[in-house]
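Predicted model only: the values in this text are computed from it and were never measured.
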Amino acid sequence: MTDLSATVGAVWKQESARIVAGLLRLVHDVGLAEELAQDALVAALEQWPASGIPDNPGAWLTTTAKRRAVDHIRRSRTQDRLAPDLARLPEPTEDDVLRLMFTSCHPVLPTEARLALTLRVVAGLSPAEIARAFLVGEQVIAHRIAGAKRTLAEANVAYEPSAQLSSVLEVVYLIFNEGYAATSGADLIRADLCLEALRLGRMLAVLAPGEAEVHGLVALMEIQQSRSAARTGPSGEPIPLHEQNRGRWDQLLIRRGFAAMLRAREAGGPTGPYVLQAAIAVCHTAEETDWVRISTLYQALERLLPTPVVRLNRAVAVAFAYGPRAGLDLLDELRADPQMAAYHLLPGVRGDLLIRLGRPIEARRELERAATLARNTAERDFLLRRAAALDVPEEHGRLLGPAVAEFLAPLRPATARAYGQTLNRITHLAGDRTPLAGLTAARLAEIFTLSWPDVAPRTWNRHVAAIRSFAGWSGEPSLAADLQPRPVPAGIADRSPPPETDAPPALRERVLWILLRESAAKAGAVLALNVEDLDLDDRSARGATIVWRSGTAGLLPELIAGRTRGPLFLSDRRPGPGRPPAPADLCPETGRRRLSYERAAYLCKRATGHTLGRLRQA
């Protein structure tokens, strides 16, 4: 039975995309197409042990799935007249698979949903396999996939290859990058994701042979993957590119990358970002790396993709080509970019360049700060070892991290929690081993602005008050000199509950409105909360991305009323049989659906005279 299951699994991985793609042409719904394909898989697991594995298992699954589709459509009263013709439809083609890839990667979906849906319906991975790859819960992945299918069905997306190709390439590249340099977890590399991305890229190159960017992406992944054996040491620690043993690089993958580059050149057209990145990867395969050429290629890439990560990579190339001082000057321009505030590679690269400039004390601080920001255990340990290996004296004077802990320790729990949300964020970004004497008011204001760029005035002022209290306690009041309170707009300064009309607002509305005011979070994010997302003791949700204070904390237990899962804010009525909600939007304990944004906005306007956005700003 084990051998049979393994065979069925292998067949499914190879054939699932083609089967789902063919069904999508019949039923025009990704979710339904996948369900019908899964029905065929279940039928195989039930019948093959007795009848044996067919000579062509892929064709068997396709035929069975198509019959399921015909049965489904026959049962549909509105499409009954189409059923006689469906059985004569041709077998799924490669164009159908290409259409499926474009549908699952449609830009109407958020990035996380595109990744999950593509790995599910195109790569044939189970939700459990996807969850393990991204180190999240299986229910999270199932929710993303269900939401993606629902969005595609509601949006009635059109098939526009020219407009959607970039989205498909982005999804494949993101899958590969997550495998090549895992953002979190204990392992630096997740080989299964790298291999799935390569398989998807090679499939796409066959389906779209005239697209240079497709071949460029394949070339980039082939060459990057060729270094996988040399990228980690015996204990899993990362080995920088310029220190790798090139004898361990896979020459077959390098040759495949070169062949893909030739196909990209033959396809013609303007040079795109993936072809440029592949050209940079090709430069690294030479015996002597031409850093001047690489820095020139990054300059061209920056014109196409002016992102901070590209500028960071260009700074590294410039440092190797023209010296660490030139690279450091480019890096320092990135410190004011909000996207780089918590990106561990920025202080990591700065630390490396500072070592080369003979400034080990500053380098150690940067490497330790990078380790604080790193979410991957292997990278964090590597950075800490590099910092510890520097021959520098221990820091004298009070350090930021221990000072914050000492400041918070005697405070009452509620005060410590409120101040800690501010000070721990500052410590996280500045580095807990930063000397207080070396932290300037300008640097603190820069970190502060990067941390809370768009918050409401009241929230901004609360953070400023926390900083000022800490600065006064530490004997460094000048630290808060560049932080000024913001005026609260007239008409929303009152912190009392929304005004009453004929009757006081219901508990649900009061919790929603007070939570919006206290957290300054977007209304959509608050309405999307589930009971299982909440940390009542920490007064936060979803990894502290949404936090609240005493007003919300006092009402939440009553609102939850013993529920353990499902939407936090529920509608007044149970859904009717004609329009069942998605499983993620239905409370399994009460049978009621999630409160919609439209309904919440109506209730808010009727009771308070304000919109949800206005209430949030208060």
Side-chain angles (χ1 to χ4, degrees), residues 31 110 113 139-140 142-151 153-155 492 494-536 539-542 545-618:
Q139 289 299 319
V140 173
H143 177 71
R144 289 176 186 172
I145 294 172
K149 294 174 183 175
R150 184 171 64 252
T151 300
E154 292 173 353
I492 61 173
D494 184 14
R495 295 180 58 183
S496 59
E500 297 184 1
T501 53
D502 297 334
L507 172 65
R508 177 192 60 191
E509 281 83 288
R510 282 188 288 139
V511 176
L512 173 60
W513 297 334
I514 295 173
L515 178 53
L516 285 173
R517 286 204 306 276
E518 291 187 346
S519 69
K522 293 183 178 180
V526 171
L527 289 168
L529 286 175
N530 293 326
V531 175
E532 57 266 32
D533 296 332
L534 308 181
D535 186 338
L536 297 180
R539 297 186 180 181
S540 65
R542 292 186 175 168
T545 57
I546 297 177
V547 297
W548 54 83
R549 285 174 282 154
S550 57
T552 305
L555 295 173
L556 271 177
E558 185 180 355
L559 176 69
I560 295 170
R563 290 185 289 129
T564 59
R565 55 199 176 105
L568 174 60
F569 295 101
L570 298 174
S571 64
D572 299 307
R573 301 175 182 176
R574 291 180 172 81
R579 298 183 62 187
D585 290 331
L586 187 66
C587 175
E589 298 173 18
T590 65
R592 288 188 286 161
R593 69 188 312 156
R594 186 186 304 276
L595 179 66
S596 69
Y597 183 95
E598 294 77 13
R599 179 64 178 169
Y602 167 76
L603 293 172
C604 177
K605 189 73 172 178
R606 187 182 67 175
T608 72
H610 297 310
T611 64
L612 286 172
R614 175 86 172 177
L615 209 63
R616 168 178 170 251
Q617 293 172 357

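Between Arg594 and Asn530 there is a side-chain heavy-atom pair separated by less than 4.5 Å. The closest side-chain heavy-atom distance from Trp548 to Val511 is not below 4.5 Å. With contacts defined as side-chain heavy-atom distances shorter than 4.5 Å, the pair Leu512/Leu527 qualifies.
When atom types are taken as modelled, the side chain of Arg592 and the backbone of Cys587 share no donor-acceptor pair closer than 3.5 angstrom.
Scanning for salt bridge (Lys or Arg N to Asp or Glu O under 4.0 Å) contacts around Arg565 gives an empty result, with sequence neighbours left out. With sequence neighbours excluded, no residue forms a salt bridge (Lys or Arg N to Asp or Glu O under 4.0 Å) with Arg563.
Pro588 and Gly566 get closest at one heavy-atom pair: CD-CA, 4.1 Å. When all heavy atoms are compared, the tightest approach of Arg517 to Arg549 is O-NH2, 4.3 Å. Taking all atoms of both residues into account, the shortest heavy-atom contact from Ala541 to Leu529 is CB-CD2, 3.8 Å.
Atom OG of Ser519 and atom CD1 of Ile514 lie 11.5 Å apart (nearest 0.5 Å). Taking CG of Leu570 as the reference point, atom CG of Asp572 lies at 9.5 Å (rounded to 0.5 Å).
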Would you give me the side-chain donor-acceptor pairs under 3.5 Å for residues 550-562, sequence neighbours excluded?
from, atom 1, to, atom 2, distance (Å)
Thr552, OG1, Glu518, OE1, 2.8

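Within 6.0 Å of the CD atom in Glu532, the count of heavy atoms belonging to other residues, nucleotides or ligands exceeds 12.
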